[in-house]
Amino acid sequence: MTDQSPAAAGPAPSDFIRDIVAADLAEKRQSRIVTRFPPEPNGYLHIGHAKSICLNFGIARENGGICNLRMDDTNPAKEEVEYVDSITADVAWLISGWADHCLGLKPKGRTPGSVVSEGRADSYLGPAAPGEPSEPFFASDYFEQLYAYAVTLIEKGKAYVCDLSAEETDAYRGAPDQPGRDSPWRNRPVSENLDLFARMRAGEFPDGARSLRARIDMAAPNVWLRDPLLYRIRHTAHHHAGDKWRIYPLYDYAHCLSDYLEGITHSICTLEFVDHRPLYDWILENLGLPRALPHQYEFAKLMPTYTVVSKRKLIELVRDGIVSGWDDPRMPTISGTRRRGIPASALRRFVTGVGVTKFRSLTDIALFEHAIREELNATAARRLAVLRPVKLVLTNIAPGEVVECQATDNPQDENPTMRVIPLTREVLIESDDFAEVPPPKYFRLRPGGEVRLKYACIIACTEVVKDAQGGITELRCTADLSTRAGGENAARKVKGTIHWVSATLCAEAEVRLYDRLFTVPEPAEEEDIRKCINPNSLETVVAKLEPSLADARLEERFQFERLGYFSLDPVESKPGKPVFNRTITLRDQWAK
RNA sequence: UGCCUGGUGGUGUAAUGGUAGCACAGCAGAUUCUGACUCUGCUUGUCUAGGUUCGACUCCUAGCCGGGCAGCCA
């Protein structure tokens, strides 16, 4: 349950929201911190959500609190069970081994119960006890309670049923720089409002015929205070609540009260909700609730370069078949990230490393790549694999002879383990590790030149064999076995060391090489994102692998030396027919 | 011309009245049986103008520039 990664060993993050939390604790405004992560189940989670998850769970974790996972499902037209399942799985994966103990789930099937707070009737829904059957919280589980609160608002003269159409409502709202006008239904008697609202619930009116509105101020400078809608009529079944509702609450109304019902202390969201905060507070304050009220705080969402993080654009990529699905390894979704082989710890390190501010920043994706490499460099087992092979014959090794070479699994370990790789007469090397006419400063193999075969010995190229078209068919070399580890010339230096595999004793696999999906730093700013799709974002090759890779397991992470980090594709790799994904290349100064 | 919000190197982020620091990126070098990792060095910054102060990224005033807001979406 403890995180052994370097990121966890470092100092706890600090930002303006954590400062507020710390002050609330120090000044006893709160005794226990409860945050929440409230996605709408209408799409898959992406790395932008990962920042919010790590912020909310991180704050809970650092303060001995919990973070509720809540489906913000108040719009039945857009939401699906598929999404609640993927969201639940993605959150579990991201926090696994780091904040599992902070995950707030509710008792399965439970809705808010009656409690007494400060001597007054109240409602509350807390998290499930350990071991108890549980599921995420759902805003739709609060519909009954939300309805009761709405009745209270009506009784207090703070809400009314409005008969204006959607278009009329827009017109009456005015513009940001000019006040709106009161709805003609604004001063409807309480009894009539109560009756109409009950009949809205009963399904007596068609979609859009009426709405329930807060009675605030049509001249408010903040447009969200101009009698915002609380409920709309929707004759639609709900994926979680079933078919018993004909009216559904809107976000602004449902969210603050969901927070209250769960005893949330700090409701953390992104910047676009700043304008809604006065409404968040208005609803809670005007209900005269007995317990301490939650407070909303806003931060800037994560916007990485060379990708998009908007559900609408992500949905387009999936729908238009530009990627294979939500979990395509090129997608910035959490499921795509996972399938790509990126460790959850690397994603966490990245999203917490960028910090939390109110500045709308563009984060260089290189920060993510760095976090991935840092994590994988420390943990991935080194292996040899050749992506684009060219044959090389070691003329002084007899056919059938096998020279066993000791190879280090991970030089980053204090006591690295070893394995054996077979060297045979015929080996395969990377085609661009040989150059007939080498560019300046090229220190790999060339005609008449020398290079070391990693973990084996130094070889010298004696002959380049070509076919009739001039294509290279094989390289003939001599191996200096005295330069093997332990040999009398083991210390001999040559400029280059290259990777290789035996041509006769090797495994084979499909390897998928990924590159960034977009060619421009800010694809979201383009008029049409299809025009800046990187045509080379996926290249598939059939690679030759050292024999041990035939036994690779799904959860293992490898560094194919000098190439990058790889792991098995969890969806399409099959026993006997392995498929590897390249998670990321190694940093490459030479390529620049 | 309404309301909200924000401006620190190329990017992100610290410094909350006391030496502008860190990470990434870039460049140069060292090291290397991975052109990886590691190590060293370097380039580049407080939006502007006033004011307060011994001293201002920080406080005040006025500007400038950017982002968001008028869904019966969240």
Side-chain angles (χ1 to χ4, degrees), chain A residues 14-15 19 38-40 42 72-75 77-79 139 162 164-166 169-170 173-180 207-213 220-226 228-234 247-248 250-252 254-255 269-278 298 300 302 305 311 353-371 373-374 377-378 382 384 407-408 411-412 441-444 451-458 483 485 490-499 521 559-564 585-592:
Chain A
S14 167
D15 54 66
D19 288 348
E40 182 188 15
N42 68 343
D72 208 356
D73 56 350
T74 57
N75 186 351
K78 294 188 172 181
E79 298 149 8
C162 180
L164 254 27
S165 69
T169 305
D170 276 351
R173 188 156 32 231
D177 55 351
Q178 45 186 287
D207 287 6
R210 293 184 219 263
S211 62
L212 184 75
R213 294 231 252 164
N222 180 340
V223 295
W224 289 102
L225 258 20
R226 321 243 263 226
L229 271 78
L230 269 23
Y231 272 90
R232 79 283 230 184
I233 298 173
R234 283 283 176 279
I247 55 172
Y248 291 93
L250 278 105
Y251 167 83
D252 288 294
H255 202 90
C269 60
T270 47
L271 251 26
E272 63 265 35
F273 294 102
V274 171
D275 294 323
H276 298 236
R277 194 192 328 131
E298 313 87 9
L302 175 67
T305 54
K311 273 185 199 164
V354 298
V356 180
T357 67
K358 296 175 95 112
F359 177 59
R360 293 181 154 266
S361 53
L362 229 205
T363 300
D364 193 338
I365 196 69
L367 257 54
F368 190 22
E369 297 173 343
H370 178 258
R373 292 190 181 109
E374 195 158 50
N377 177 50
R382 312 290 126 122
L384 298 187
T408 306
Q412 306 288 320
K441 293 208 185 136
Y442 184 87
F443 46 79
R444 280 113 92 162
V451 80
R452 179 178 281 279
L453 294 183
K454 178 94 184 185
Y455 302 126
C457 61
I458 293 173
T483 58
R492 220 185 107 203
K493 306 262 185 244
V494 283
K495 194 68 180 160
T497 298
I498 63 174
H499 58 278
Q559 182 196 102
F560 291 177
E561 295 209 38
R562 304 210 308 133
L563 295 172
T585 59
L586 252 31
R587 203 159 154 262
D588 188 356
Q589 292 290 328
W590 169 253
K592 288 173 184 169

Over all strands shown, is A/R226 touching base, sugar-phosphate only, or nothing at heavy-atom distances under 4.0 angstrom? nothing
Quote, to the nearest angstrom, the P distance that separates B/C69 from B/U43. 42 Å
Whole angstrom value for the distance that separates P of B/A36 from CD of A/E561: 13 Å
Are any non-hydrogen side-chain atoms of A/L453 and A/H499 less than 4.5 angstrom apart? no
Side-chain heavy atoms of A/Y455 within contact of A/T408, under 4.5 Å: yes
A/R226 (side chain) donor-acceptor with A/A175 (main chain) under 3.5 angstrom: yes
Base, sugar-phosphate or nothing for A/A77? Non-hydrogen atoms, less than 4.0 Å. nothing
Side chains of A/E40 and A/D73: does their closest heavy-atom pair fall under 4.5 Å? no
Partners meeting side-chain contact (heavy atoms from CB on, under 4.5 Å) with A/Q589 (sequence neighbours left out): A/R587, A/K592
Between B/U34 (C1') and A/K493 (NZ): distance, integer Å: 14 Å
Could you tell me how far B/A56 sits from B/U16 if I compare only their P atoms? Round to whole Å. 16 Å
Would you indicate, yes or no, if B/U34 has its OP1 or OP2 atom less than 4.0 angstrom from a side-chain nitrogen or oxygen of A/R382? no
Need one value for A/A456: base, sugar-phosphate or nothing, where a base atom within 4.0 Å counts as base even if backbone is also close, heavy atoms only. base
Could you state the atom-to-atom distance from CZ of A/F359 to P of B/G6 in whole Å? 12 Å
Taking atom C1' of B/A36 as reference, at what distance in whole Å does atom CZ of A/R444 sit? 13 Å
Describe the nucleic acid contact of A/Q589 in one word from base, sugar-phosphate, nothing, applying a heavy-atom distance below 4.0 Å. sugar-phosphate
Results of side-chain contact (heavy atoms from CB on, under 4.5 Å) for A/A366 - residues two or more places apart only: A/D364, A/E369
Check whether any side-chain heavy atom of A/R232 lies under 4.5 Å from a side-chain heavy atom of A/I247, and answer yes or no. no
Base-pairing string, 5' to 3', of RNA chain B - Watson-Crick or wobble, under 3.5 Å, | interstrand: .((((((..((((....[..)))).(((((.......)))))....(((((..]....))))))))))).....
Atom P, compared across B/U58 and B/C47: separation rounded to whole Å: 8 Å
Flag side-chain contact, heavy atom, 4.5 Å: A/I498 against A/R562: yes
From NZ of A/K358 across to P of B/A14 the rounded distance in Å is 13 Å
Determine the contact category for A/Q178: base if any of its heavy atoms lies under 4.0 Å from a base atom, sugar-phosphate if only primed atoms, P, OP1 or OP2 are that close, otherwise nothing. nothing
How far does the C1' atom of B/A14 sit from the matching atom of B/A20, given to the nearest Å? 10 Å
From the set B/A36, B/U8, B/C33, return the single nucleotide nearest to any side-chain atom of A/K454. B/C33
Determine the contact category for A/P411: base if any of its heavy atoms lies under 4.0 Å from a base atom, sugar-phosphate if only primed atoms, P, OP1 or OP2 are that close, otherwise nothing. base
Touch class at under 4.0 angstrom, heavy-atom based, for A/T357 against every strand present: sugar-phosphate
With a 3.5 Å cut-off and just heavy-atom distances, do the side chain of A/R587 and the base of B/G35 make a donor-acceptor pair? no
May I ask you to say whether A/R277 pairs ionically with A/E298, meaning some side-chain N is under 4.0 Å from a carboxylate O? yes
Is A/H370 near enough to B/C24 that one of its side-chain N or O atoms lies under 4.0 angstrom from OP1 or OP2? yes
Side-chain heavy atoms of A/R444 within contact of A/T497, under 4.5 Å: no
Which nucleotide in B/A25, B/U13, B/G35 has an atom nearest any side-chain atom of A/S361: B/U13
Length of the line joining A/W590:CH2 and B/U32:C1', which is rounded to integer Å: 17 Å
Does the base of B/U5 carry an N or O that pairs as donor and acceptor with the side chain of A/E298 under 3.5 Å? no
How close or far is atom P of B/U32 from atom CZ of A/F443, stated in whole angstroms? 13 Å
B/A62 versus B/A25 - spacing of their P atoms, nearest Å: 43 Å
Taken in chain and number order and not counting sequence neighbours, the residues that satisfy salt bridge (charged side-chain N to carboxylate O under 4.0 Å, His left out) with A/D252 are none
Between A/E374 (CD) and B/C24 (P), how many Å, whole number? 7 Å
First encountered from the 5' end of RNA chain B, between A/R277 and A/Y455: A/R277
Rounded C1' spacing from B/C22 to B/U46 in Å: 16 Å
Tell me what A/R373 touches on the nucleic acid: a base, only sugar-phosphate, or nothing, going by heavy atoms under 4.0 Å. nothing
Contact state string [nucleotides 65-74 of chain B, B base, S sugar-phosphate only, - no protein heavy atom under 4.0 Å]: --SBSBSBSB
Excluding sequence neighbours, so at least two apart, what forms side-chain contact (heavy atoms from CB on, under 4.5 Å) with A/T357? A/F359
Just call it for A/F560: base, sugar-phosphate, or nothing, with non-hydrogen atoms closer than 4.0 Å on any strand. nothing
